[in-house]
Participant: 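Sharing a structure, written as structure tokens. Questions coming.
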Amino acid sequence: MLLVNQIRENYDQVFAGLQKRNISDAALLLDRVIALDDLRKSTQSQRDQIQAEANTISKQIGQLMKEGKSAEAQLIRERTTEIKAQIKELDEQNAKAEEDLKALLYTIPNVPHSSVPQGRSAEDNEVVLTNGTIPTLHEGKLPHWELIKKYDIIDFDLGVKITGAGFPVYKGKGARLQRALINFFLDEAMAAGYMEVQPPILVNEDSGYGTGQLPDKEGQMYFAAADNLYLIPTAEVPITNLYRDIILNETDLPVKNVGYTPCFRREAGSWGAHVRGLNRLHQFDKVEIVQITHPDQSYAALESMSSYVQGLLQKLELPYRVLRLCGGDMGFTSALTYDMEVYSAAQERWLEVSSVSNFETYQTNRLKLRFKGEDKKTQLAHSLNGSALALPRIVASILENNQTPEGILMPKVLHSYLGFDKI
RNA sequence: AGAGAGUUGGGUGAGUGGCUGAAACCAACAGUUUGCUAAACUGUCGUACGGGUUAAACUGUACCGGGGGUUCGAAUCCCCCACUCUCUGCCA
């Protein structure tokens with residue numbers, strides 16, 4: 001969430017940022033934050049003063065008791081009754097102000113970076129670059145949901161039997177392709193300086209709040225009610241939360257982690273056209289990269305993450321484009337997001353396979369993720385993450401783009417991982 | 001899952017109602033000493049929200065797993081919850 005001081009000190013900038021997100025009552029929201037914070041401060045300060053008085057009296061009573069002057073002690077004690085009532089009342093007011101303030105801050109999204117384009121929807125995203133050649137396919141080309149049946153490598157019907165729609169079963173070369181991609185992505189990330197972590201894929205409530213899935217998006221996560229745990233929608237949640245409530249040394253920055261996990265998304269109500277086959281699933285595999293950086297370094301880190309992801313797509317020989325998301329399409333917690341889309345030649349569509357974002361201090365404020373520098377001062381770090389990469393749509397485009405009448409050719413870079421070069 | 005024991009500052013660990021934001025030791029940091037290193041010695045050494053200052057200094061309050069209660073006063077007593085450990089059971 002945003003920092004109140006950030007709102008106070010950069011009011012105009014925050015206001016303009018929220019405008020970019022098409023929030024019409026931004027001024028109202030921000031003024032309300034400041035008013036609530038003022039209220040919080042004043043009740044807090046009154047409470048502290050009275051508490052200080054009470055503490056003094058308590059000490060006096062202790063002293064008098066020790067000296068055996070219990071009559072005098074009794075006299076002072078009577079005054080505390082009144083003070084206690086006041087403290088209780090101020091406590092309640094203060095707690096309410098704090099609660100209201102927090103609830104309000106939860107509803108305010110991150111301030112977009114100055115380079116974020118104005119816009120309302122995906123159509124207003126800015127195409128930063130397009131790379132690679134879109135293949136010309138033979139007569140009788142098939143979309144991937146036909147290809148997987150033809151070659152019997154992914155079975156949706158079996159998944160329905162075992163679990164339900166959106167939980168495919170990968171078989172034979174399909175399963176091998178999954179494993180090859182995961183290993184390829186992990187090896188590449190390690191070579192780029194990311195430390196591999198294998199986190200739990202169920203997380204508690206605190207972690208959900210830490211990265212911003214809660215309180216608003218609980219409907220998107222599967223929930224294990226008996227144990228109060230959520231299945232992760234992305235490895236971002238457990239990996240970033242590794243650093244919750246931590247004060248790092250400045251010399252530890254940047255922290256670079258990579259992790260492979262399955263991801264689970266309920267995607268309630270989002271079924272329709274365009275979601276056939278592998279395009280949208282309830283369970284899918286993803287390798288995620290996360291960085292924790294010094295505030296001065298986070299945008300350089302974002303660019304390096306973007307080029308890193310592009311490098312993967314180039315090695316996989318997939319045509320792709322990079323989008324800078326507009327204010328209306330950007331995630332709630334992000335300050336700047338690049339989406340990478342690959343072209344899927346049979347569907348004749350661009351498919352999002354990665355989303356790389358800088359959250360600045362929006363997540364670290366909730367996470368209490370700070371670092372201590374040379375000057376001994378603690379300040380919030382910046383957090384970033386990106387998919388590198390999400391598997392299903394990569395698989396879809398590899399299958400569609402490389403299909404030939406004789407079979408599907410695998411990208412060269414995967415051959416050693418696969419142990420075969422054609423499906 | 002059953003029974004028992006625990007949860008204190010970066011770590012170990014004292015502390016059963018006021019003099020405890022918290023002993024002691026270790027680690028860390030700065031300095032003295034030193035040819036260098038080590039040892040020794042001295043000092044610093046938590047976080048949050050306020051006040052204060054150009055910035056400090058200084059200062060108020062809170063925090064001993066989380067929440068609530070008793071009390072003039074709680075790390076200390078009571079209740080609820082979470083987690084950890086040990087034994088028993090189960091299990092990849």
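Here is how names work: the chains are called A, B, and so on, in the same order as the sequence lines, proteins then strands, and each is numbered from 1.
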Participant: Quick one: A/Asp91 CG to B/G68 P, roughly how many Å, whole number?
Facilitator: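 Going from A/Asp91 (CG) to B/G68 (P), I get 9 Å.
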Participant: 5'-most contact on RNA chain B: A/Arg47 or A/Ile57, nearest heavy atom basis?
Facilitator: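 Looking at the nearest nucleotide for each, A/Arg47 comes out on the 5' side.
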Participant: Would you mind pulling out the nucleotide paired to B/G89, Watson-Crick or G-U wobble, both distances under 3.5 Å?
Facilitator: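 For B/G89, the partner nucleotide comes out as none, under the 3.5 Å rule.
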Participant: Using a heavy-atom cut-off of under 4.0 Å over every strand shown, decide if A/Ser58 touches base, sugar-phosphate, or nothing.
Facilitator: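 If one applies the 4.0 Å heavy-atom cut-off, A/Ser58 turns out to touch a base.
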Participant: Using Watson-Crick or G-U wobble geometry with both distances below 3.5 Å, tell me the partner of B/G18, or none.
Facilitator: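 Base-paired to B/C72.
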Participant: Given the P atoms of B/U61 and B/G4, what is the spacing between them in whole Å?
Facilitator: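 Each nucleotide's P atom is 42 Å from the other's.
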Participant: Find the distance A/Gln60:CD to B/C19:P and express it as a whole number of Å.
Facilitator: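 Rounding to the nearest Å, CD of A/Gln60 and P of B/C19 are 14 Å apart.
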Participant: Rounded to whole angstrom, note down the P distance from B/C80 over to B/A23.
Facilitator: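 It works out to 32 Å between them.
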Participant: Could you give the distance separating B/G10 and B/C19 at their C1' atoms, to the nearest angstrom?
Facilitator: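 Nearest-Å result for B/C19 against B/G10 at atom C1': 28 Å.
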Participant: Between B/U47 and A/Lys372, is there an OP1 or OP2 to side-chain N/O distance shorter than 4.0 Å?
Facilitator: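 Checking A/Lys372 against B/U47: at least one side-chain N or O falls below 4.0 Å of OP1 or OP2.
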Participant: What's the gap between B/U20 and B/G13 when it is taken at their P atoms, as a whole Å value?
Facilitator: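 Looking at atom P only, B/U20 and B/G13 are 23 Å apart.
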Participant: Nearest of B/U71, B/U47, B/U61 to any side-chain atom of A/Lys84?
Facilitator: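 It is B/U71.
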Participant: Using 4.0 Å as the upper bound for N to carboxylate O, is an ion pair formed by A/Arg393 and A/Glu341?
Facilitator: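 Salt bridge flag = no for A/Arg393 with A/Glu341.
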Participant: Answer with base, sugar-phosphate or nothing: what part of the nucleic acid does A/Lys41 contact at a heavy-atom distance below 4.0 Å?
Facilitator: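 Sugar-phosphate contact only.
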Participant: Using the P atom in both, what is the distance from B/A55 to B/U37, to the nearest Å?
Facilitator: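 Those two atoms are separated by 40 Å.
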Participant: For A/Lys422, is there any backbone N or O sitting under 3.5 Å from a side-chain donor or acceptor partner on A/Lys173?
Facilitator: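 Pair found, side chain donor or acceptor close to backbone of A/Lys422.
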Participant: Hey, are the side chains of A/Val413 and A/Leu316 touching, using non-hydrogen atoms and a 4.5 Å cut-off?
Facilitator: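 When only atoms from C-beta onward are counted, A/Leu316 and A/Val413 do touch, with a gap below 4.5 Å.
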Participant: Determine which nucleotide pairs with B/C29, using a 3.5 Å limit on both distances of a Watson-Crick or G-U wobble pair.
Facilitator: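 Looking at the geometry, B/C29 pairs with B/G43.
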Participant: May I ask you to evaluate whether A/Thr378 reaches the phosphate of B/A48, defined as a side-chain N or O under 4.0 Å from OP1 or OP2?
Facilitator: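 Checking B/A48 against A/Thr378, a side-chain N or O does come within under 4.0 Å of OP1 or OP2.
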Participant: Where each residue is assigned the nucleotide of RNA chain B containing its nearest heavy atom, which of A/Ala54 and A/Gln44 is assigned the position nearer the 5′ end?
Facilitator: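 By nearest-heavy-atom nucleotide position, the 5'-most residue is A/Gln44.
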Participant: Taking only the C1' atom of each, what is the distance from B/U8 to B/U76 in whole angstrom?
Facilitator: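 After rounding to an integer number of Å, I get 11 Å for this pair.
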Participant: Measure CD/A/Gln63 against C1'/B/C19 and give the value in whole Å, please.
Facilitator: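 Between C1' of B/C19 and CD of A/Gln63: 9 Å.
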Participant: Rounded to the nearest angstrom, tell me the gap between atom CG in A/Asn55 and atom P in B/U71.
Facilitator: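 Spelled out: CG on A/Asn55 to P on B/U71 is 18 Å.
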Participant: Considering Watson-Crick and G-U wobble pairs with both distances under 3.5 Å, what does B/A23 pair with?
Facilitator: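 Across any shown strand, B/A23 pairs with none.
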Participant: To the nearest Å, give me how far apart CD1 (A/Ile61) and P (B/A74) are.
Facilitator: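 Taking CD1 of A/Ile61 and P of B/A74, I get 12 Å after rounding.
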Participant: Please report, rounded to the nearest Å, how far the P atom of B/G50 is from the CG atom of A/Leu36.
Facilitator: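 Roughly 14 Å, once rounded to whole Å.
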Participant: Check the distance between B/U59's P and A/Asp48's CG and give it to me in whole angstrom.
Facilitator: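 Between P of B/U59 and CG of A/Asp48: 16 Å.
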Participant: What is the distance, rounded to the nearest whole Å, between atom CD of A/Glu92 and atom P of B/G67?
Facilitator: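 Rounded to whole Å, this separation is 17 Å.
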Participant: Under 4.0 Å, counting only non-hydrogen atoms across every strand here, what does A/Thr81 touch: a base, just sugar-phosphate, or nothing?
Facilitator: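 No contact at all - A/Thr81 keeps every heavy atom at 4.0 Å or more from the nucleic acid.
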Participant: Picking from A/Ser355, A/Ser357, A/Ser354, what satisfies side chain to side chain donor-acceptor pair (under 3.5 Å) with A/Asp339?
Facilitator: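 Testing A/Asp339 for a side chain to side chain donor-acceptor pair (under 3.5 Å) against A/Ser355, A/Ser357, A/Ser354 leaves exactly one candidate, A/Ser355.
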Participant: Look through every strand shown and name the nucleotide pairing with B/G9 as Watson-Crick or G-U wobble, where both distances are under 3.5 Å.
Facilitator: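 The answer is none; no pair meets the criterion.
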Participant: Report the C-alpha separation of A/Arg265 and A/Gln283 in whole Å, then their side-chain angles, then the decisive distance to 0.1 Å, and conclude whether the side chain to side chain contact (heavy atoms under 4.5 Å, CB included) test is met.
Facilitator: CA-CA 7 Å; A/Arg265 299 195 182 171; A/Gln283 176 179 339; over 6 Å; no
Participant: Could you measure between the two P atoms, the one in B/A62 and the one in B/G21, and give it in whole Å?
Facilitator: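 The same atom, P, in both gives a distance of 10 Å.
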Participant: B/U47, OP1 or OP2 - any side-chain N/O from A/Arg370 closer than 4.0 Å?
Facilitator: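 Result: no.
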Participant: Would A/Phe264 and A/His282 satisfy ring pair (Phe, Tyr, Trp, His ring centres under 6.0 Å), going step by step from the backbone distance to the final call?
Facilitator: CA-CA 5 Å; A/Phe264 302 89; A/His282 285 311; over 10 Å; no
Participant: Could you measure between the two P atoms, the one in B/U42 and the one in B/C58, and give it in whole Å?
Facilitator: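 Taking atom P in both B/U42 and B/C58, they lie 23 Å apart.
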Participant: Could A/Arg8 and A/Asp38 be called an ion pair, given the rule that one side-chain N must be under 4.0 Å from one carboxylate O?
Facilitator: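 Answer for the salt bridge query: yes.
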Participant: Given that both distances must come in under 3.5 Å, which nucleotide forms a Watson-Crick or G-U wobble pair with B/U54?
Facilitator: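 With both distances under 3.5 Å required, B/U54 matches none.
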Participant: Does B/U61 have a Watson-Crick or wobble partner in any strand here, with both distances under 3.5 angstrom, and which is it?
Facilitator: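 In the structure as shown, B/U61 has B/A48 as its Watson-Crick or wobble partner.
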